[in-house]
Amino acid sequence: PELEHFNWALDWFDGVLARETPDAPALRITGAGAAALSFAELSARSNRTANGLRALGVARGDRILLMLGNVVPLWEIMLAAMKLGAVVVPATTLLTADDLAERVGRAGARFVIANAEDAPKLAAVPATVARITLGGGTGGSVDYATLLTASADFTPDGRTHADDPLLLYFTSGTTAKPKLVLHSHRSYPLGHLSTMYWLGLQPGDMHLNVSSPGWAKHAWSCLFAPWNAGACVFIAK
């Protein structure tokens with residue numbers, strides 16, 4: 001589709017999935033951190049997260065380095081950042097403190113979101129970078145749980161251009177230093193319509209993909225392809 005303005009989280013996830021199939025399963029996690037959320041529930045929770053992030057100063061174009069495993073807040077933050085027009089820099093939890101500091105600097109991240117247990121790694125990040133942690137605030141970080149106390153009603157600050165930046169991924173760096181690859185609001189959500197068709201996903205299906213967060217394949221098959229189809233993302237731990 002050729003679109004001038006497009007925001008997948010607002011126009012598709014909220015505007016179609018949460019409105020037309022509010023009670024359909026969107027995300028199911030078994031094992032540690034088990035959860036079962038519908039499209040309507042994730043829409044409201046991501047609105048709260050977006051409002052909470054906005055209150056902390058996150059604005060359109062700001063870059064957020066996200067270093068989390070397969071936990072519910074990962075999807076809430078991804079949706080919230082899209083709604084705000086912020087740029088997400090996914091990162092694997094395997095990063096060392098030096099890796100993390102280097103990527104924050106190269107990506108120009110103003111915010112880092114990680115688990116509280118990764119506080120030692122966050123100590124290497126410049127003090128000017130705001131920290132948000134899951135599992136309680138620590139070392140000057142904001143507890144992620146406080147973001148979910150914000151309003152569930154979200155109003156965007158304007159329209160999102162289809163070619164505005166959305167995701168900034170580091171390559172694996174297997175043969176050279178990891179490189180930054182930028183994806184737009186158009187390129188990933190619409191580009192992975194092809195992934196949806198290749199997988200054969202249908203509304204109401206439950207899709208399991210074993211990719212780890214921080215790698216591009218996770219966004220392809222644990223976010224855009226299943227939810228493009230109205231299917232449920234399934235994570236087994």
Side-chain angles (χ1 to χ4, degrees), residues 9 27 29 32-33 46 49-50 52-53 56-58 61-82 84-144 147 165-185 187-188 192 209-224 233 235 237:
L27 176 64
I29 300 175
S46 61
T49 301
L53 290 171
L56 293 178
V58 176
D62 282 345
R63 295 179 176 185
I64 304 170
L65 189 139
L66 180 60
M67 189 174 71
L68 293 177
N70 279 318
V71 291
V72 171
L74 181 140
W75 284 270
E76 295 170 347
I77 293 162
M78 291 286 286
L79 290 168
M82 288 184 222
L84 290 167
V87 182
V88 179
V89 185
T92 173
T93 56
L94 298 176
L95 294 180
T96 66
D98 289 343
D99 291 335
L100 179 59
E102 193 257 355
R103 295 192 181 203
V104 165
R106 288 180 60 199
R110 293 190 59 232
F111 300 84
V112 174
I113 305 178
N115 289 307
E117 63 191 38
D118 286 319
K121 296 181 183 180
L122 296 177
V125 175
T128 53
V129 178
R131 299 158 171 77
I132 302 166
T133 51
L134 275 65
T138 178
S141 68
V142 175
D143 184 357
Y144 176 77
L147 275 59
L166 168 62
L167 286 162
L168 190 59
Y169 271 102
F170 280 91
T171 61
S172 59
T174 51
T175 59
K177 190 172 184 177
K179 301 172 182 64
L180 284 164
V181 181
L182 184 65
H183 301 277
S184 71
H185 282 263
S187 65
Y188 251 26
H192 286 292
N209 178 267
V210 297
S211 298
S212 297
W215 306 107
K217 176 61 177 171
H218 190 272
W220 304 351
S221 293
C222 291
L223 188 103
F224 293 117
V233 176
I235 302 294
K237 294 184 181 180

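Only heavy atoms go into these numbers, but all of them, side chains included; no hydrogens, no water, no symmetry mates.
- When all heavy atoms of Thr138 and Ala119 are compared, the pair lying nearest together is CG2-CB, 3.8 Å.
- Note: His218 and Trp75 have tilted aromatic rings, judged against thresholds of 30 and 60 degrees for the angle between ring planes.
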> Checking side chain to side chain contact (heavy atoms under 4.5 Å, CB included) for the pair Leu100/Leu122: CA distance, chi angles, key distance, verdict?
Replying inline: CA-CA 8 Å; Leu100 179 59; Leu122 296 177; 3.8 Å; yes
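- Relative ring orientation between Tyr169 and His183 is described as perpendicular, the plane-to-plane angle rising above 60° on a 0-90° scale split at 30° and 60°.
- Minimum interatomic distance between Ala124 and Ala97 (heavy atoms only, all atoms of both residues): CB-O, 3.7 Å.
- Screening Leu74, Leu68, Leu167 against Pro90 for a side chain to side chain contact (heavy atoms under 4.5 Å, CB included) leaves a single residue, Leu167.
- Between the side chains of Asn209 and Ser211, a donor-acceptor pair is found at a separation under 3.5 Å.
- Here Leu66 contributes atom CG and Ile77 contributes atom CD1; the two are 5.0 Å apart, rounded to the nearest 0.5 Å.
- The OG1 atom of Thr92 sits 13.0 Å away from the CZ atom of Phe170 when rounded to the nearest 0.5 Å.
- With Thr171 contributing its side chain and Lys179 its backbone, the two residues share a donor-acceptor pair below 3.5 Å.
- One distance of note links OG1 of Thr49 with CE of Met78; it measures 13.0 Å at 0.5 Å rounding.
- Between Lys121 and Leu94, the closest heavy-atom pair is NZ-C, 4.3 Å.
- Note that CG of Leu147 is 12.0 Å distant from OG of Ser46, once rounded to the nearest 0.5 Å.
- In this structure, the side chains of Leu84 and Asp62 stay at 4.5 Å or more apart for every pair of heavy atoms.
- Pairs passing the side-chain hydrogen bond (donor to acceptor under 3.5 Å, both in side chains) check and including a residue from residues 125-135, sequence neighbours excluded, read Thr133-Ser141.
- Contact check for Val72 versus Leu27: side-chain heavy atoms found under the 4.5 Å cut-off.
- Residue Ser172 comes nearest to Trp215 through the heavy atom pair CA-CZ3, 3.8 Å, listed as atom of the first residue, atom of the second, then distance.
- Side-chain contact check for Met67 versus Asp118: some heavy-atom pair is nearer than 4.5 Å.
- For Gly135 against Asp143, the heavy-atom pair with the smallest separation is N-OD1, 4.3 Å.
- For the pair Leu95/Glu102, no side-chain contact is recorded, criterion being any heavy-atom separation below 4.5 Å from C-beta on.
- Looking at heavy atoms from C-beta onward, Leu134 lies in side-chain contact with Ile113 at the 4.5 angstrom threshold.
- Nearest heavy atom pair, residue Val129 against residue Ala109, reads CG2-O, 3.7 Å.
- Each of Val88, Val112, Val125, Val87 was evaluated against Leu65; a single residue qualifies, Val112, per the side chain to side chain contact (heavy atoms under 4.5 Å, CB included) test.
- Of the inter-residue distances, the one linking Leu56 atom CG with Phe111 atom CZ reads 6.5 Å to the nearest 0.5 angstrom.
- Separating the OH atom in Tyr144 from the CD1 atom in Ile132 is a distance of 9.0 Å, to the nearest 0.5 Å.
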